[in-house]
Number of protein chains: 2
Amino acid sequence: MTAPVPATTEPPAPRRSRRDSRRPQLLDAAARRFRRGGYSATSMRDIAGDAGMLAGSMYHHFPSKEDLLVAVHEEGIRRITKAVEEALDGVRGPWQRLEAAAAAHLAVLLDGGDYAVVVIRELPHESAALRRTLAPVRDAYEDIFRRLVDDLPLSAATPRHHVRLMLLGALNWSQTWYRPGGEAPEAIARGFIRLLRGEH
Amino acid sequence: MTAPVPATTEPPAPRRSRRDSRRPQLLDAAARRFRRGGYSATSMRDIAGDAGMLAGSMYHHFPSKEDLLVAVHEEGIRRITKAVEEALDGVRGPWQRLEAAAAAHLAVLLDGGDYAVVVIRELPHESAALRRTLAPVRDAYEDIFRRLVDDLPLSAATPRHHVRLMLLGALNWSQTWYRPGGEAPEAIARGFIRLLRGEH
DNA sequence: GTCTATAGCAAGATAGAC
DNA sequence: GTCTATCTTGCTATAGAC
């Protein structure tokens, strides 16, 4: 038996019932549907059907459709934050760090599945719960990029918020034109950073 | 009386009944609602109410909700194309032309009302009719920027599609963070173009 | 934990009076 | 051209059997 050590990694993880085994599948199905059709156009029947159950059964796992959206958002932000922080680990040089973060952001957004796309595209105007609960978490994520841009060696006259907004806008918009099999996320990120550095 | 000259400007304009006077108001209301709440979450009753009529009455003007969305898109693309072409008129110098187009695009998107926002954000995954009918028109609009980027004096090694995608992505994404009263669209466009030119 | 069954409601759309 | 009234369908969510 493992002694009750003070856990530093792996936070307590909200205690749910012993075997809420279908919850991840429901969340996956929801993320996929929300991505493809949007939140409003997706029905609980759609999601339940994808997970192999009937609509009524979902309410054992999630109390409402809105809670489902919040859960997808939480998971999406968790994944994208983790990916970016891991990509930054050990990288030195301000431009190199910005490029690493951009590449990781893009990789999760374009190849990392449905959660991140929902976070980026399904804006919180859908739900008041989303705004209240998740706006701070989103802001915390954007702060990573704010700090990376602050570290760049730019002239004092260059408005740094333009750099951040331009890069994040270009990255986030990419999910509208990207098609799997095209240019790799790392290549796109490298290209965008090169342009920002004025190399052309 | 005007003789039936072969019209070159002002295309025939789909003949509707003599006094379809409420149609513009309905279209305005729809654009506003689609922008704020999204297409799926907006009901015909919402739109009709905003225009001061009941839901059933709308069907005298538009045969379906989807037709309403298509009409909003058409009008939005028309406005944004017109604004950019007018902004380009008489401007010389490849970077100056790109900046003028970017500023006009941004001005319509941020201060120009609801139509353009719907065009940009309410992507055609909503409706098969949108994809078929309007994808070519959207592509034609993007071609304006493709040509402007082709005219830039860049080294042969610079991938020009990165320039176009980065700029349009940054511009289109701006409607997620822009707040009226902040930096003017022209200033944002100028800042983005300066970054692309490598001036920092 | 999933099912059947259904309550309760709002949606898009139509018919016909005025 | 707008109204009233309504049809039909689909939705979220709940209750209770198994």
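Every chain is numbered from 1, with letters handed out A, B, ... down the list of sequences. A quick note: this is a predicted structure, and the numbers were derived from the prediction, not measured.
For the side chain to side chain contact (heavy atoms under 4.5 Å, CB included) test, residues two or more places apart in sequence or in another chain that qualify with A:Gln175 are A:Leu109, A:Leu110, A:Val117, A:Ile120, A:Arg121. For A:Leu54, the side chain to side chain contact (heavy atoms under 4.5 Å, CB included) test picks out A:Ser57, with sequence neighbours left out. Residues satisfying the side-chain hydrogen bond (donor to acceptor under 3.5 Å, both in side chains) test with B:Thr158, not counting sequence neighbours, are B:Ser155. Every residue two or more places apart in sequence or in another chain that forms a salt bridge (Lys or Arg N to Asp or Glu O under 4.0 Å) with A:Asp50 is listed here: A:Arg33.
In this structure, B:Tyr141 has its ring center closer than 6.0 angstrom to the ring center of B:His105.
Among residues at least two apart or in separate chains, salt bridge (Lys or Arg N to Asp or Glu O under 4.0 Å) pairs with a member in residues 78-94 of chain A are A:Glu75-A:Arg78, A:Glu75-A:Arg79, A:Lys82-A:Glu86.
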Check your understanding: In the 5'-to-3' direction, what one-character label does each nucleotide of nucleotides 3-18 of chain D receive under the scheme B = base within less than 4.0 Å of a protein heavy atom, S = sugar-phosphate only, - = no such atom?
Key -> BB------BBBB----
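OP1 and OP2 of C:dG1 both lie 4.0 Å or more from every side-chain N or O belonging to A:Arg22. Not one side-chain nitrogen or oxygen of B:His60 sits closer than 4.0 Å to the OP1 or OP2 atom of D:dT2.
For the pair B:Ile47 CD1 and C:dA13 P, the computed distance is 11 Å after rounding to whole Å. Separating the NE2 atom of B:His61 from the P atom of C:dA13 is a distance of 15 Å, rounded to the nearest angstrom.
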